[in-house]
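Report on one structure; see the data block that follows.
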2 protein chains.
Amino acid sequence: MAKDDFLNALGTMLGPKGLTRDADALAPWLTDWRGRYHGAALAMAMPSTTEEVAATVRLCAEHRVPIVPQGGNTSMVGGAVPDATGSALILSLRRTNRVRRLDPDAGAAVVEAGVILSDLHDAARARGVRFPLSLGAKGSATIGGLCSTNAGGTQVLRFGTMRSLVLGLEAILPDGSVLDSLAPLKKDNRGPDLKQLLIGAEGTLGVITAATLQLVPEPEETATAWIGMDSPQSALALLRRLERAGFAVESFESVPADSLRLVLRHIPGTRPPLDSAPPWNALVEVTGARGLRDQVEAALADALDQGLASDGVLAGNQAQAAAFWRIRDSISEAERASGPAVQHDISVPVSAMPDFMLSAAAEVERAFPGTSASAFGHLGDGNVHFHVRAPAGADPGRWLGEQGKAVSAFVYDHVVAVGGSISAEHGIGQMKLDTFARLTDPARLNALRALKAAFDPLGIMNPGKLVPSLASDATAP
Amino acid sequence: MAKDDFLNALGTMLGPKGLTRDADALAPWLTDWRGRYHGAALAMAMPSTTEEVAATVRLCAEHRVPIVPQGGNTSMVGGAVPDATGSALILSLRRTNRVRRLDPDAGAAVVEAGVILSDLHDAARARGVRFPLSLGAKGSATIGGLCSTNAGGTQVLRFGTMRSLVLGLEAILPDGSVLDSLAPLKKDNRGPDLKQLLIGAEGTLGVITAATLQLVPEPEETATAWIGMDSPQSALALLRRLERAGFAVESFESVPADSLRLVLRHIPGTRPPLDSAPPWNALVEVTGARGLRDQVEAALADALDQGLASDGVLAGNQAQAAAFWRIRDSISEAERASGPAVQHDISVPVSAMPDFMLSAAAEVERAFPGTSASAFGHLGDGNVHFHVRAPAGADPGRWLGEQGKAVSAFVYDHVVAVGGSISAEHGIGQMKLDTFARLTDPARLNALRALKAAFDPLGIMNPGKLVPSLASDATAP
């Protein structure tokens with residue numbers, strides 16, 4: 001059988017550690033971590049070098065075997081789960097996990113795809129520098145997956161997404177050739193930047209095997225503050241003021257009063273950061289040289305004087321800063337505990353975000369009586385998590401089934417109307433494929449399809465993800 | 001005749017101001033500004049709106065008429081000059097020249113392709129902000145051309161090239177469809193960043209019609225210093241120290257003693273900035289809040305104490321700062337005045353640059369006895385202008401003819417050996433096409449060709465530029 005020929009050749013090439021068909025070994029990698037998507041696979045390849053990855057891709061191309069690249073399998077949109085046919089090979093990059101080089105002076109590290117984010121954090125810290133991107137899944141998410149999904153996190157405001165932190169890239173193209181663009185060139189005008197094609201392509205145009213990543217110095221001092229204010233407009237004005245004053249603002253997260261209330265109710269051990277209960281809050285983190293905390297304190301006093309803030313407290317120590325962050329990081333969990341909600345990861349231009357947060361929430365609540373909508377998160381990036389909670393007393397499963405799609409369609413239509421994106425952080429994967437097809441202008445969809453056809457004419461790279469098929473159903477939200 | 005049909009249709013569409021076949025009107029646009037490339041054209045279209053550009057491209061696609069997009073025609077590599085056949089239409093973007101919106105609070109401007117760089121500088125300054133990219137051709141270069149060639153300049157160190165300053169883009173794809181990606185989204189994970197494909201593509205994948213560009217606040221204070229040191233290694237160490245101390249270093253240009261000597265000899269009115277004559281110099285510009293000059297003065301004193309610098313002076317006023325910049329900006333002119341030289345615009349990883357500057361110069365001088373080689377420019381970007389001057393007394397034309405190609409091939413081979421780029425700033429155009437083909441790995445060339453075939457299957461977009469044909473001659477330097 002052709003399939004056996006393929007698997008035998010692959011097994012010979014990769015050795016016993018490099019290939020498995022064992023059902024127990026495969027099981028954790030056939031489902032996403034939230035348990036929403038389930039698939040099947042021919043086998044799982046676990047090459048440990050770039051050459052082995054290239055040879056695997058070549059063999060797949062030869063045998064027309066679909067490839068599902070996988071890192072930590074932490075996708076929020078089913079981007080790393082194979083389809084149910086069982087015809088695909090899972091290509092796990094987890095064994096390509098060396099930090100090839102880490103140069104604190106040059107501010108760069110060459111890191112293989114399978115390196116786990118928190119391991120890179122540790123390796124950098126041990127050399128007195130840091131990799132300035134972090135997110136909840138840091139203990140599982142890998143560099144290859146973070147690049148392929150253009151991950152963001154809580155420091156995008158200052159350092160950008162992966163797209164700006166990737167100085168160089170090594171990838172296997174769908175024909176098995178190696179695109180070596182690892183040299184960190186700040187200026188290189190040999191045509192368009194090809195590595196940008198692979199970043200955010202969710203494994204549909206090739207397999208990332210290594211990246212040269214930017215490292216930055218550890219800050220001398222960090223100031224973390226919880227600030228109360230009357231509106232998201234005031235929050236954005238405060239952010240602009242801090243930036244203009246020259247502060248290196250790394251995080252600026254907005255938290256509405258109702259989200260804070262849910263956290264305090266459902267998450268054990270949390271306490272209100274302020275004595276007052278302002279309508280809006282901002283969790284702000286600033287880094288700088290020694291003496292920073294005094295400067296931030298003075299800036300906050302100014303903001304209070306001028307009415308941009310109504311209340312505020314600077315964390316007195318790391319434990320208090322961690323307590324502030326725990327509130328922010330527990331909002332989704334608290335909302336889940338309080339009842340069903342439809343969640344959206346969306347972005348609009350930063351300057352349009354404060355108005356959007358208020359008007360979109362009001363309009364959703366008007367269109368779907370009894371719901372309550374709220375937006376929280378990365379205000380400074382123009383990216384919030386927009387959640388719509390079911391009416392009190394509604395049956396969770398039934399409400400989601402009956403109203404979920406309509407609510408999402410309503411929200412996404414509003415996002416697109418102000419030039420926003422239906423996926424700010426999480427990507428398209430399989431979850432948002434139909435919405436993407438419905439709400440994307442034809443020129444953009446055609447360009448993406450042309451790109452896919454040009455790089456992957458056989459259609460073997462992570463099929464069914466990101467790129468809507470021409471026949472794609474346009475009825476979903 | 002088909003050609004007449006095309007021109008009649010185009011003329012009707014664009015009106016008398018929008019199309020010319022007049023030889024005198026066409027002449028300046030058929031030759032590059034250095035007079036190295038000459039071409040011919042069917043006519044020059046001058047649409048004034050995005051819709052007119054789109055209609056022009058559609059008509060060209062229908063009639064298979066090649067398009068040469070043109071802004072200020074300031075290419076250094078013949079990128080905007082049509083070929084000699086006269087079959088192409090020059091598509092001038094110079095009449096699409098509105099600043100559609102300029103929002104100082106949001107730090108963004110939506111600018112049409114034909115806006116001249118210095119006009120954008122003025123418009124921003126009038127609103128209390130600045131567009132932080134500048135270069136010698138600012139009085140002619142247009143936003144569309146700057147995007148299409150991913151222009152750099154003297155502030156890349158802090159703000160990056162156009163690639164990082166473009167927040168949004170509007171472009172006409174080769175089928176005439178409009179890719180509208182103008183909304184400035186800081187986070188958008190709907191697949192790879194398509195606008196990055198157009199940036200640096202030199203008009204081979206589409207025509208840029210407008211861009212949303214980042215604006216930054218005007219600095220309160222600027223400090224400009226001329227610093228002497230013993231080596232490029234010391235220069236880079238000094239730069240790293242300034243950056244670590246938190247200074248916003250916008251420019252860090254290195255000037256070797258021999259380049260300075262040529263300027264002082266050939267450029268009237270220039271004076272040595274220092275009393276000493278150190279082997280290397282750095283022109284450094286730092287911006288910041290009031291009090292910056294005192295801080296920079298203290299940092300320079302430290303650098304002198306610790307041997308990173310041997311001498312240094314902080315400009316006392318704008319005139320003195322301008323005099324320092326005049327030296328830097330006159331190096332090419334001074335070299336031309338002193339005799340023939342082969343020039344190279346190259347980049348290597350920043351950390352490799354100091355060694356490269358010394359070793360590559362020494363090796364060229366050894367391989368081509370009598371020549372003198374020197375590198376100057378954007379040290380902090382890993383990008384220098386590497387010039388090889390003819391032996392004293394050599395006949396200029398003859399030496400260039402006999403040795404020019406061999407010298408360039410030698411230099412480019414060294415650049416590629418350390419992972420560098422044969423074009424840091426100027427692009428490929430028609431000038432570097434053969435070198436690009438010779439020195440680029442097949443995976444990268446194939447990817448570029450696949451991209452070209454996918455987006456421009458008819459091959460009408462700026463043919464003969466950037467993308468080496470499969471039959472391209474691999475003998476040139």
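Chain naming here is simple, since letters A, B, ... match the order of the sequence lines and numbering starts at 1 in each.
By number of non-hydrogen pairs under 4.5 angstrom with chain A, the leading residue of B:G107, B:S421, B:A106 is B:S421. Heavy-atom pairs under 4.5 Å with chain A were tallied for B:V418, B:L205, B:L451; the largest tally goes to B:L451. Listed options B:G191, B:G288, B:G380 were ranked by heavy-atom pairs under 4.5 angstrom with chain A; first place goes to B:G191. Interface check for chain B: of the options A:G427, A:S351, A:P442, the most heavy-atom pairs under 4.5 Å are formed by A:G427. Put simply, of B:V467, B:D381, B:T212, the one with the most heavy-atom pairs under 4.5 Å next to chain A is B:D381. Among B:E220, B:R163, B:E243, the residue with the largest count of heavy-atom pairs under 4.5 Å with chain A is B:R163. Interface remark: of the candidates A:G420, A:G152, A:G382, A:S148, A:G420 forms the most heavy-atom pairs closer than 4.5 Å to chain B. Among A:P217, A:A447, A:A183, the residue making the largest number of heavy-atom pairs under 4.5 Å with chain B is A:A447.
Looking at A:I422, both its backbone and its side chain come within 4.5 Å of chain B, counting heavy atoms on both sides. Residue contact with chain B, scored on non-hydrogen atoms closer than 4.5 Å, involves the backbone and the side chain of A:S347 alike. For A:A289, no part lies near chain B; criterion is any non-hydrogen pair under 4.5 Å. Heavy-atom distances place both the backbone and the side chain of A:D193 under 4.5 Å from chain B. For B:A424, the parts sitting under 4.5 Å from any heavy atom of chain A are the backbone and the side chain alike. Looking at A:I428, both its backbone and its side chain come within 4.5 Å of chain B, counting heavy atoms on both sides. Looking at B:N150, the atoms closer than 4.5 Å to chain A (heavy atoms on both sides) sit in the backbone and in the side chain alike.
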Begin from the C-alpha positions of A:R190 and B:S423 and carry the test side-chain hydrogen bond (donor to acceptor under 3.5 Å, both in side chains) through to its verdict.
CA-CA 6 Å; A:R190 293 173 292 170; B:S423 184; over 6 Å; no
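Considering only heavy atoms from C-beta on, B:L157 comes within 4.5 Å of A:K186 through its side chain. Proximity of A:V348 to B:P184: side-chain heavy atoms (C-beta onward) are nowhere separated by under 4.5 Å.
What you find for B:A454 and A:A454 is that their closest heavy atoms are CB-CB, 3.4 Å. For A:R244 against B:D105, the heavy-atom pair with the smallest separation is NH2-O, 3.6 Å. Of all non-hydrogen atoms in A:L448 and B:P192, the two that sit nearest each other are CD1-CD, 4.0 Å.
Not a single donor-acceptor pair under 3.5 Å links the side chain of B:S177 to the backbone N or O of A:A443. At least one donor-acceptor pair closer than 3.5 Å links the side chain of A:N189 to the backbone N or O of B:T149.
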Under 3.5 Å, side-chain donor or acceptor atoms of residues 165-172 of chain B against the rest of the protein: list the pairs with distances, not counting sequence neighbours.
unit_1, atom_1, unit_2, atom_2, d
B:E170, OE1, B:T50, OG1, 2.6
B:E170, OE1, B:R100, NH2, 3.1
B:E170, OE1, B:T209, OG1, 2.7
B:E170, OE2, B:R100, NH1, 3.2

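Contacts of residues 194-202 of chain B with chain A at a heavy-atom distance below 4.5 Å involve B:L194, B:Q196, B:L197, B:I199, B:G200, B:A201, B:E202, listed in sequence order.
The CG atom of A:N446 sits 7.0 Å away from the CG atom of B:D175 when rounded to the nearest 0.5 Å. Distance check: A:L179 CG to B:D441 CG gives 6.5 Å after rounding to the nearest 0.5 Å.
Salt-bridge formation is detected for the pair A:R444/B:D188: a Lys NZ or Arg NE/NH1/NH2 atom is positioned less than 4.0 Å from an Asp or Glu carboxylate oxygen.
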